[in-house]
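Below: one structure, written as structure tokens.
Along the sequence shown, the residues carry numbers beginning at 1.
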Amino acid sequence: MVRPKTEEEIALMRENAILVSKTLAVVGKAVAPGVTTLELNRLAETYIRDHGAIPSFLGYEGFPAALCISVNDTVVHGFPSDYVLKEGDIVSVDCGTLYKGYNGDSAYTFPVGEVDAETRKLLETTKASLFKGIEKAVDGNRIGDIGHAVQSYAESAGFSVVRELEGHGIGRHMHENPGVPNYGRPGSGPKLVSGMTICIEPMINAGTRGVYLAKNGWEVHTADHKNSAHFELTVVVRKGVPEVLSTFDYIEKSDVEF
């Protein structure tokens, strides 16, 4: 069973979503050649705690950090480390908060300095596929409509969709039902109902869709070691037009203050 959230619950989740969005922007401003991913993690944890929240990833099933930081061929769940970012890298930053009993979750893949044209296309396509999926998050549609929108857009651009990982419901728990795959058939899967809160998060590979799990049991890498991009937003299913709780505006718009 998937229980739609009340407007009071959604309001609390919106607070989390904004905090996560601002945290990603703080991290994004620090992304540059010469910076370690551990430094980015410290920035995020400090910002989250300074705003009265808890970094929900830290300690989750044993995860050792406040952020998942995944560089280049790491799809998701990368550990912050002493790795020094270099020009041409891409770095996916996935952030979660726990505040007033509810969770926030969002992710953004940042270019490090200048990246080549194909990498830029991968980033742009992955982000655009997310918004194609969000368009389908309306009352009366089905989960498969979201996945199909993501998949068809990404594959039409020549990229591949990771099948082993998916988006998810969110609320009092970071991961709730339903699962939200990034592939599927229109009209298939659980029905979307107004008030459901879900995270849509395309993970799109530059090469083949195959992945493998690293020995640490967390990090997922592309099988061919080509780059992978990951973008995520938290969405409320509504009638007609979905409501997007988190935002990339703090990252991308210089006139948005925080």
Side-chain angles (χ1 to χ4, degrees), residues 13-14 16-18 20-25 27-28 67-68 70 74-77 90-96 103-111 115 119-138 141-170 174-175 178-184 186 189 192 196-206 209 211 220 222 227-238 241-253 256:
M13 293 183 65
R14 190 178 294 112
N16 273 279
I18 294 301
V20 166
S21 301
K22 290 179 177 180
T23 305
L24 287 176
V27 171
L67 296 177
C68 297
S70 306
T74 307
V75 182
V76 286
H77 304 157
I90 59 173
V91 53
S92 161
V93 180
D94 194 350
C95 178
N103 284 271
D105 191 5
S106 189
Y108 195 95
T109 302
F110 298 93
V115 298
T119 300
R120 178 67 61 181
K121 181 183 176 185
L122 173 66
L123 297 179
E124 291 172 351
T125 299
T126 306
K127 186 169 68 171
S129 75
L130 166 59
F131 286 99
K132 292 292 184 182
I134 288 172
E135 289 175 4
K136 301 298 183 181
V138 295
N141 277 355
R142 292 186 178 273
I143 287 292
D145 295 313
I146 295 173
H148 178 75
V150 172
Q151 179 185 11
S152 58
Y153 188 86
E155 291 181 349
S156 71
F159 300 117
S160 59
V161 178
V162 175
R163 306 290 183 97
E164 292 82 359
L165 301 153
E166 62 184 13
H168 51 90
I170 186 169
M174 183 162 41
H175 294 123
V180 187
N182 295 302
Y183 66 97
L192 298 170
M196 288 172 61
T197 48
I198 57 176
C199 290
I200 303 174
E201 49 178 319
M203 289 151 273
I204 307 299
N205 293 348
R209 68 177 178 87
V211 297
V220 177
T222 59
N227 283 345
S228 184
H230 174 215
F231 290 82
E232 176 183 16
L233 289 167
T234 301
V235 180
V236 185
V237 175
R238 298 291 195 186
V241 179
E243 179 184 359
V244 185
L245 296 183
S246 45
T247 179
F248 297 148
D249 285 355
Y250 298 108
I251 297 168
E252 298 177 347
K253 296 184 178 180
V256 177

With heavy-atom distances below 4.5 Å as the criterion, would you say the side chains of Pro181 and Gln151 are in contact?
no
Any idea which heavy atoms bring Val76 and Leu165 closest together, and the distance?
CG2-CD1, 3.5 Å
Exam field: side chain Ser92 to backbone Thr109, donor-acceptor pair closer than 3.5 Å:
no
Identify the residue among Val180, Val138, Asn141, Val235 that makes a side-chain contact (heavy atoms from CB on, under 4.5 Å) with Ile146.
Val180
Looking at Val150 and Gly133, what are the two nearest heavy atoms and their distance?
CG2-CA, 3.9 Å
Look up atom CD in Glu232 and atom NE2 in His168, then write down how far apart they are to the nearest 0.5 Å.
4.5 Å
Passes side chain to side chain contact (heavy atoms under 4.5 Å, CB included), Glu201 versus Asp94? Steps please.
CA-CA 10 Å; Glu201 49 178 319; Asp94 194 350; 4.3 Å; yes
Report yes if the side chains of Val27 and Cys95 come closer than 4.5 Å at any heavy-atom pair, otherwise no.
no
Does any N or O in the side chain of Ser228 come within less than 3.5 Å of the main-chain N or O of Val75, such that one atom is a donor and the other an acceptor?
no
Residue pairs involving residues 121-138 (criterion side-chain hydrogen bond (donor to acceptor under 3.5 Å, both in side chains); sequence neighbours excluded):
Lys127-Glu252
Assess whether side chain to side chain contact (heavy atoms under 4.5 Å, CB included) is satisfied between Phe131 and Leu233, documenting all intermediate values.
CA-CA 9 Å; Phe131 286 99; Leu233 289 167; 3.7 Å; yes
One should read off an interatomic distance between Asn16 CG and Asp105 CG, to the nearest 0.5 angstrom, of 10.0 Å
Between Ile204 and Leu122, does a side chain to side chain contact (heavy atoms under 4.5 Å, CB included) hold up when you go through it step by step?
CA-CA 8 Å; Ile204 307 299; Leu122 173 66; 4.1 Å; yes
Is there side-chain contact between Asn182 and Val162, with heavy atoms separated by less than 4.5 Å?
no
Mind checking what makes salt bridge (charged side-chain N to carboxylate O under 4.0 Å, His left out) contact with Arg14, not counting sequence neighbours?
Glu243
Sorted by chain and residue number, the salt bridge (charged side-chain N to carboxylate O under 4.0 Å, His left out) partners of Arg163 (sequence neighbours excluded) come out as none
Residues Phe159 and Ala206: closest non-hydrogen pair is CD2-CA, 3.7 Å
Minimum heavy-atom separation for Thr197 to Val236, with atom names?
CG2-CG2, 4.0 Å
Heavy-atom donor-acceptor pair, Ser246 side chain to Ser21 backbone, under 3.5 Å:
no
